[in-house]
Amino acid sequence: MKYDPSKIEKRWQKYWQEIGIGKADNNSSKKKKYILTEFPYPSGEGLHMGHLRPYTAGDVYSRFHRMNGFEVLYPIGWDAFGLPAENFALKKGVHPRISTANNIENAKKQLLSWGMSFDWSREINTTDPEYYKWTQWIFLQLFKAGLAYEATGLINWCPSCKTGLANEEVIDGKCERCGTVVEKKELRQWYLKITAYADKLLDGLKYLPEWPGPVKLQQENWIGRSEGALIKFSILHFQFSEELEVFTTRADTLFGATFLVISPELAKRWIDSGWQAPDDVGKYVKISLAKEERQRTAEDKDKTGVDTGVKAINPANKKEIPIWVADYVLGGYGTGAIMAVPQHDERDKEFAKKFGLLIVDEPLVPINEAIEKFGTKKIQYKLRDWVFSRQRYWGEPIPLVHCDKCGIVPVSEDDLPVTLPEVEKYEPTGTGESPLAAIEEWVNTKCPECGGDGKRETNTMPQWAGSSWYWLRYADPKNKNELADKSALKYWTPVDVYFGGMEHTTLHLLYSRFWNLFLYDQGYITEKEPYLKRIPHGIVLGSDGEKMSKSRGNVVNPDEILEKYGADTMRMYELFLGPHESTVSWNSKGIVGVKRFLDRVFGFIFDESAPESKTVHKLIKKITEDISSIKFNTAVAAFMQFLNENVRLNKKDWEKFIILLAPFAPHATEEIWHEVMKNKDSVHAQLWPVYDSGLILDEKVKIVVQINGKVRDMIEADSGLTESEAKELALGSEKVKKYLKSGNIGKIIYIQDRLINFVV
RNA sequence: GCCGCUGUGGUGGAAUUGGUUUUACACGCACGACUCAAAAUCGUGUGGCCUCACGGCCAUGUGGGUUCGACUCCCACCAGCGGCACCA
């Protein structure tokens with residue numbers, strides 16, 4: 001039979017829809033397995049090779065578990081709010097609602113053509129009011145719990161996307177979305193108090209043994225907990241502040257603190273409250289604050305600073321010390337001021353040397369004693385509160401009303417969702433104001449509390465809002481009364497295995513853990529941590545080893561590969577490229593190897609007179625273990641090797657082979673299962689084969705004979721020989737005799753069925 | 001600078017609870033079969049060096065070490081990738 005994927009794949013995809021291959025049952029009595037892959041942004045370019053990787057892995061894993069008797073939930077949806085969707089819409093001049101719907105339709109077609117066994121009956125869309133109703137509802141719970149607050153502060157601002165950004169969205173000083181260098185801007189923003197969960201987020205990592213170490217470590221570093229102390233220094237003759245508080249982890253070095261340094265931000269606050277700073281100080285502060293964050297914090301930069309002329313008292317030795325202002329001190333960490341101990345800190349030393357400040361070598365004091373005497377214990381985090389408002393149109397409206405009389409009032413839960421108004425003009429304004437602010441008939445509303453005139457909050461939520469709880473919704477996606485039914489959550493959550501990218505470690509993965517912990521604390525959900533096991537995948541590069549990009553011209557389009565080779569070949573080659581977690585380069589040349597393999601599978605004719613195969617049992621063991629441990633590349637190799645080595649197989653053994661191959665090449669195996677094997681039901685509904693452990697043992701083994709650790713011969717023998725039997729056999733070898741002639745045998749090392757080593 | 005990961009043929013990669021003459025599987029390449037020819041397919045070979053050959057020596061980034069035995073463990077160094085980046 002000739003293998004022509006284009007003739008068979010559509011037919012079986014339709015068949016799977018009809019029989020509901022991926023449908024998960026909330027009332028199943030089976031053991032559950034919740035397998036999740038990050039849901040895609042439906043961008044205008046369609047899904048790319050980077051999507052194929054986790055979805056194929058998840059699909060193989062899901063099909064495997066279904067065949068092993070699990071009730072599997074492998075859902076999919078669309079993370080369709082946010083900048084990519086909106087920017088695409090702006091570029092094409094189409095309303096984001098329409099372009100998003102088109103992009104979703106296209107992406108869905110792609111996923112179906114790849115043979116993914118998602119449960120399409122649970123498809124969700126973050127831009128669907130029925131969905132974002134609950135995103136808004138969660139926000140209100142955060143607000144009511146005091147974890148959402150409004151504040152004016154210096155925030156990251158992307159001048160190209162024209163919106164504020166969270167700390168996590170600034171990668172190497174640039175906007176995570178568009179790569180533009182981020183500016184600092186003083187703006188009124190909504191924040192989520194993720195810092196209140198810093199300890200819980202950190203502590204929870206301890207209970208996730210199946211997360212990769214590097215992922216946990218990265219989150220740990222991002223949270224950045226350090227234990228130290230707050231120490232107050234009194235300020236002399238200064239009316240704008242009586243004392244200056246610093247955070248330090250080295251209270252034991254307090255006696256060596258010979259000056260204090262404040263950040264330009266703190267100096268600015270003093271100036272704003274009326275301090276007549278010396279001219280050079282005022283000038284320095286102005287210049288520092290105007291600098292780009294990256295310039296200011298570049299490490300190889302020379303230290304700069306100015307003496308404020310103000311003096312303070314070191315509480316330990318009562319000595320008078322100067323206060324300087326310098327931009328190596330960060331305004332946003334600790335108190336925005338430090339005590340400088342040049343003897344013990346390289347940065348302080350560099351500064352002191354440059355400006356001729358005192359460096360003394362005072363003895364250390366016990367740290368706890370110092371804290372007790374001169375300050376208070378303090379735990380400081382690097383984690384900042386999450387800037388949660390965006391000045392863009394395409395996002396969930398924040399469900400709050402501003403009322404002159406009542407202040408900020410939450411929209412009544414009965415009135416959710418606050419739907420995004422239909423407008424023609426939705427370009428970002430760039431003024432720090434959301435485009436929604438211009439829509440008067442939407443903005444003007446009644447206060448939910450007093451019924452008087454009120455104005456809606458016009459900022460929208462960030463990209464990350466909808467994805468911060470989506471896995472919960474999959475458990476019960478159509479629920480109108482709550483985000484998901486408790487018993488459905490009890491059955492499905494937590495997610496057993498979560499496939500996704502490394503780039504989300506300190507973004508989506510951190511945010512969603514935060515929301516999950518919060519919802520758990522509030523009693524709305526049943527699990528403390530959302531994902532039991534996290535499996536990151538490497539990125540797919542172009543054949544030149546560079547990131548795929550249009551400008552490089554190295555983009556490989558999965559649709560074209562599919563047209564040429566079919567979905568099964570594409571899937572298997574993608575898995576064959578390398579270990580799931582490593583970065584791989586897509587090399588279109590190598591794909592023919594997989595196509596040739598599937599051609600041979602298709603052309604294989606089983607032979608009823610062939611004896612029962614033992615190697616098929618080894619294959620069952622190998623494939624079962626490889627899928628379980630996410631080693632798909634070696635599983636594919638094992639299939640190839642098996643077919644190379646077995647030219648004759650009877651029908652029963654061939655059937656086992658086809659079942660094992662089914663999760664990898666779902667269409668081709670289904671075709672063979674029906675057309676060649678003449679079965680009526682689906683190959684994907686079969687039970688996973690079980691191997692006979694008695695049959696995988698070899699009767700004959702090859703034992704290596706070493707002399708002083710060097711291999712000198714190999715003897716074939718029955719398995720399970722004792723040491724003396726093996727010794728006798730080995731000494732009979734001519735080669736061994738030759739090498740043993742010159743010495744006496746001392747030690748003998750024998751490892752059964754493997755090797756015998758004579759030490760001479 | 002700090003933290004983490006990686007380093008094996010022309011290429012992607014296998015093998016790491018130390019143990020079957022490193023390089024499974026695949027690509028590529030060479031030769032052969034089939035063909036008028038090509039493609040496809042099938043078969044054989046394919047780490048390096050020396051040798052007509054038998055055979056030998058050297059090889060898992062580099063240099064040491066532990067061990068009967070090291071790709072696998074330890075130390076130092078080099079190179080690449082990722083994260084954080086003046087966090088006091």
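Atom set for the values below is all heavy atoms of this structure, side chains included, hydrogens, waters and symmetry mates excluded. Letters A, B, ... mirror the listed sequences (proteins, then strands); counts begin at 1.
Base pairing analysis places rA59(B) opposite nothing; no Watson-Crick or G-U wobble pair with both distances below 3.5 Å involves it. Base pairing annotation: rA53(B) forms no Watson-Crick or G-U wobble pair, as no partner gives both donor-acceptor distances under 3.5 Å. In this entry rC25(B) has rG12(B) as its Watson-Crick or G-U wobble partner, both defining distances falling under 3.5 Å. Across all strands shown, rC71(B) has no partner, as no Watson-Crick or G-U wobble contact with both distances under 3.5 Å is found.
For rC84(B) and rC77(B), the C1' atoms lie 25 Å apart once the distance is rounded to whole Å. Annotation: rG13(B) and rC71(B) have their C1' atoms spaced 14 Å apart (nearest Å). Nucleotides rC5(B) and rA53(B), compared at atom C1', are 48 Å apart to the nearest Å. For the P atoms, the distance linking rC81(B) with rU44(B) amounts to 41 Å, nearest Å. Nucleotides rU6(B) and rU16(B), compared at atom P, are 14 Å apart to the nearest Å. When the P atom is used for both rG19(B) and rU23(B), the distance is 15 Å, rounded to whole Å.
Screening Gln219(A), Arg225(A), Glu168(A) for a side-chain contact (heavy atoms from CB on, under 4.5 Å) with Leu383(A), the sole residue that qualifies is Glu168(A).
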How far apart are the C-alpha atoms of Thr304(A) and Tyr284(A), what are their side-chain angles, what is the distance that settles it, and do they pass the side chain to side chain donor-acceptor pair (under 3.5 Å) test?
CA-CA 9 Å; Thr304(A) 59; Tyr284(A) 180 79; 2.7 Å; yes
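Within 4.0 Å of Val261(A), counting heavy atoms only, lies no atom of the nucleic acid at all. When heavy atoms are screened at a 4.0 angstrom cut-off, Ser226(A) is found touching the sugar-phosphate backbone but no base atom. Lys631(A) comes within contact range of the sugar-phosphate backbone alone, with a heavy-atom separation under 4.0 Å but no base atom that close.
Side chain to side chain, Glu38(A) and His508(A) fail the donor-acceptor criterion of an N or O pair below 3.5 Å. Counting only N and O atoms by type, the side chains of Tyr573(A) and Asn587(A) include no donor and acceptor under 3.5 Å apart.
Residues that satisfy the side-chain hydrogen bond (donor to acceptor under 3.5 Å, both in side chains) test with Arg648(A), not counting sequence neighbours, are Asp607(A), Ser609(A). Listed by chain and number, the residues in a side-chain hydrogen bond (donor to acceptor under 3.5 Å, both in side chains) with Thr505(A) amount to none (sequence neighbours excluded). Listed by chain and number, the residues in a salt bridge (charged side-chain N to carboxylate O under 4.0 Å, His left out) with Glu169(A) are Arg390(A) (sequence neighbours excluded). Residues passing the salt bridge (charged side-chain N to carboxylate O under 4.0 Å, His left out) test with Glu362(A): none are found, sequence neighbours excluded.
For rA88(B), one of the phosphate oxygens OP1 or OP2 lies less than 4.0 angstrom from a side-chain nitrogen or oxygen of Tyr333(A). Residue Lys349(A) places none of its side-chain N or O atoms closer than 4.0 Å to OP1 or OP2 of rC86(B).
A cation-pi contact, defined as under 6.0 Å to the ring centre and within 45° of the axis, is absent between Lys303(A) and Phe351(A).
The CE-P distance, from Met502(A) to rU6(B), rounds to 12 Å in whole Å.
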Between the protein and nucleotides 66-70 of chain B, which nitrogen or oxygen pairs are less than 3.5 angstrom apart?
| unit_1 | atom_1 | unit_2 | atom_2 | d |
| --- | --- | --- | --- | --- |
| rC68(B) | O2' | Asn708(A) | O | 3.4 |
| rC68(B) | O2' | Gly709(A) | N | 3.3 |
| rC68(B) | O2 | Asn757(A) | ND2 | 2.1 |

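Atom CG of Leu154(A) and atom CG of Asn156(A) lie 9.5 Å apart (nearest 0.5 Å).
Checked against rU20(B), rC3(B), rC84(B), the side chain of Val704(A) finds its nearest nucleotide in rU20(B).
Contact annotation: side chain of Lys303(A) to base of rC86(B), donor-acceptor pair present below 3.5 Å.
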Summarise protein proximity over nucleotides 24-32 of chain B in one line of letters, 5' to 3': B for base, S for sugar-phosphate only, - for none, counting protein heavy atoms closer than 4.0 Å.
BBSSS----
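In rG9(B) the base sits syn relative to the sugar, since the glycosidic angle is no further than 90° from 0.
Each of Gly578(A) and Thr249(A) lies near RNA chain B, and the nucleotide nearest Gly578(A) is the one positioned closer to the 5' end.
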